[in-house]
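Nothing here was measured: the structure is a model prediction, and the numbers come from that model.
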Amino acid sequence: MEEKIQIGIIICDRYRRCAGGKCFRSLRNREGAFSRYRSVAVEVVGYTTCAGCPGGNVEYAVEEMKKNGATVIHLATGLIVGYPPCPHLTYFREFIATRYGIEVVYGTHPIPQKYLLMHKSLGTWTGQGWEEITRATQTDEKTRLLYD
């Protein structure tokens, strides 16, 4: 039997009407944070929002995703690139890992070029921890432009 990873995706509530196009395209193409799955099959077992600040849905949604088989939770790129980025991002990761014993990955699709340029201009991602938070979603300019 082929190895299969089951994942859940949590998006920022600001994007609650998002159909997941960039996330699912990057999963299909194994780009951004999904490049880690190049040699394994992936099944999405949950896709939801945090329910808005301070993220009350994170507790319950992850519990359901885990019951559906999730072994990895992705905190969507929208939580990273929004203006401002999610102020609860690192807490979500710590909470999920501690409460559910599930691996948590920052990001889904590659950071779009327009967001990278704006956040560089604003100096958003220069503080402590941001290199780790943005690492999995950093790609080359050609790929970033495809996600603009």
Side-chain angles (χ1 to χ4, degrees), residues 1-112 114-116 118-119 122-140 143-144 146-147:
M1 178 186 275
E2 180 182 352
E3 179 186 7
K4 184 190 295 185
I5 302 291
Q6 294 175 308
I7 68 168
I9 299 172
I10 298 176
I11 68 172
C12 179
D13 195 61
R14 288 180 284 195
Y15 310 115
R16 65 183 155 273
R17 290 181 180 93
C18 179
K22 289 179 183 175
C23 288
F24 291 111
R25 175 170 33 127
S26 66
L27 178 58
R28 184 178 60 248
N29 296 336
R30 300 301 198 260
E31 295 172 327
F34 297 130
S35 65
R36 67 197 327 253
Y37 305 120
R38 283 197 174 107
S39 60
V40 296
V42 177
E43 178 184 11
V44 177
V45 298
Y47 180 89
T48 191
T49 76
C50 64
C53 289
N57 196 36
V58 171
E59 179 179 358
Y60 306 107
V62 174
E63 184 173 356
E64 182 178 323
M65 290 176 188
K66 186 172 180 175
K67 286 178 183 177
N68 287 335
T71 57
V72 181
I73 300 296
H74 281 262
L75 299 174
T77 300
L79 291 159
I80 298 167
V81 302
Y83 303 116
C86 174
H88 307 291
L89 193 58
T90 56
Y91 181 81
F92 289 165
R93 183 180 191 194
E94 184 178 320
F95 171 79
I96 294 166
T98 302
R99 172 72 173 88
Y100 296 105
I102 293 178
E103 181 182 5
V104 181
V105 175
Y106 288 123
T108 48
H109 63 78
I111 294 172
K114 62 186 176 184
Y115 286 97
L116 179 68
M118 181 54 70
H119 283 291
L122 293 169
T124 309
W125 299 331
T126 57
Q128 184 179 6
W130 282 104
E131 182 180 337
E132 177 190 1
I133 292 169
T134 61
R135 182 179 303 125
T137 53
Q138 294 282 352
T139 57
D140 60 275
T143 303
R144 288 192 307 266
L146 293 172
Y147 284 86

Note to self: Please find the pair of heavy atoms, one from G32 and one from P110, that lie closest to each other, and give the distance.
What the structure shows: N-CG, 3.6 Å
Next item on the list: Apply side-chain contact (heavy atoms from CB on, under 4.5 Å) to the pair V105 and L75, showing each step before the final yes or no.
Entry: CA-CA 6 Å; V105 175; L75 299 174; over 6 Å; no
Checklist line | salt bridge (charged side-chain N to carboxylate O under 4.0 Å, His left out): pairs with one or both residues in residues 79-91, sequence neighbours excluded | finding: none
Next item on the list: Provide the full list of salt bridge (charged side-chain N to carboxylate O under 4.0 Å, His left out) pairs with a residue in residues 74-90, sequence neighbours left out, each pair given once.
Entry: none
Item checked: Residue pairs, two or more places apart or on separate chains, that pass side-chain hydrogen bond (donor to acceptor under 3.5 Å, both in side chains) and touch residues 71-90 -> Y37-H74, T77-T108
Check: What distance separates C50 SG from Y15 OH, expressed to the nearest 0.5 Å?
Finding: 11.0 Å
Item checked: From CA spacing to verdict: side-chain contact (heavy atoms from CB on, under 4.5 Å), N29, F34 -> CA-CA 8 Å; N29 296 336; F34 297 130; over 6 Å; no
Check: With distance as the sole criterion, is a donor-acceptor pair present between the side chains of D140 and T143 under 3.5 Å?
Finding: yes
Notebook entry, point to check: To the nearest 0.5 Å, how far apart are CD1 in I96 and OH in Y91?
Noted result: 10.5 Å
Checklist line | Min side-chain heavy-atom separation I5-E3 under 4.5 Å | finding: yes
Margin query: Side chains of L89 and Y106, heavy atoms from C-beta outward: is any pair under 4.5 Å?
Written below: yes
Next item on the list: Using salt bridge (charged side-chain N to carboxylate O under 4.0 Å, His left out) as the criterion, list what pairs up with R30, not counting sequence neighbours.
Entry: none
Next item on the list: Applying side-chain hydrogen bond (donor to acceptor under 3.5 Å, both in side chains), name anything that partners Y147, two or more places apart in sequence or on another chain.
Entry: E31
Margin query: When you compare the side chain of L146 with that of R25, does any pair of heavy atoms fall below 4.5 Å?
Written below: yes
Note to self: With rounding to the nearest 0.5 angstrom, report the CD to CZ distance, Q138 to R144.
What the structure shows: 6.5 Å
Next item on the list: Sequence neighbours left out, what pairs pass salt bridge (charged side-chain N to carboxylate O under 4.0 Å, His left out) with at least one residue falling in residues 34-63?
Entry: K4-E43, R36-E103, E63-K67
Next item on the list: Locate the shortest heavy-atom distance separating G8 from A70; write the atom from each residue and the value.
Entry: N-CB, 4.2 Å
Next item on the list: Determine the minimum heavy-atom distance between G107 and T137, stating which atoms define it.
Entry: CA-CG2, 3.6 Å
Notebook entry, point to check: Which pairs, with at least one residue in residues 71-82 and sequence neighbours excluded, count as a salt bridge (charged side-chain N to carboxylate O under 4.0 Å, His left out)?
Noted result: none
Next item on the list: Kindly write out the residues that satisfy side-chain contact (heavy atoms from CB on, under 4.5 Å) with E94, not counting sequence neighbours, or none if the list is empty.
Entry: T98
Check: Partners of R93 by side-chain hydrogen bond (donor to acceptor under 3.5 Å, both in side chains), sequence neighbours excluded?
Finding: E132
Margin query: I need the full list of ring-ring contact (aromatic ring centres under 6.0 Å, His included) pairs touching residues 39-61, with sequence neighbours left out, sorted by first then second residue.
Written below: F24-Y47
Checklist line | Listed partners of T139 passing side-chain hydrogen bond (donor to acceptor under 3.5 Å, both in side chains), at least two apart | finding: none
Check: Looking only at heavy atoms, which two atoms of R14 and G82 are closest? And how far apart?
Finding: NH2-CA, 3.5 Å
Margin query: Looking at R16 and D13, would you say the former's side chain and the latter's main chain have a donor-acceptor pair under 3.5 Å?
Written below: yes
Notebook entry, point to check: Heavy atoms, side chains only, cut-off 4.5 Å: are V62 and I102 in contact?
Noted result: yes
Check: Just checking, is any N or O donor in the side chain of H109 or S26 under 3.5 Å from an acceptor N or O on the other one?
Finding: no
Margin query: Which residues pass the side-chain hydrogen bond (donor to acceptor under 3.5 Å, both in side chains) test with N57, not counting sequence neighbours?
Written below: T48
Note to self: Minimum heavy-atom separation for I10 and L79, please, with both atom names.
What the structure shows: O-CD1, 3.5 Å
Margin query: What I'd like to find out is whether the side chain of I7 reaches to under 4.5 Å of the side chain of I73, using heavy atoms alone.
Written below: no
Notebook entry, point to check: Closest heavy-atom contact between C23 and A76?
Noted result: SG-CB, 4.5 Å
Margin query: I want to check something: taking the side chain as every heavy atom from C-beta on, are W125 and P85 in contact at a cut-off of under 4.5 Å?
Written below: yes
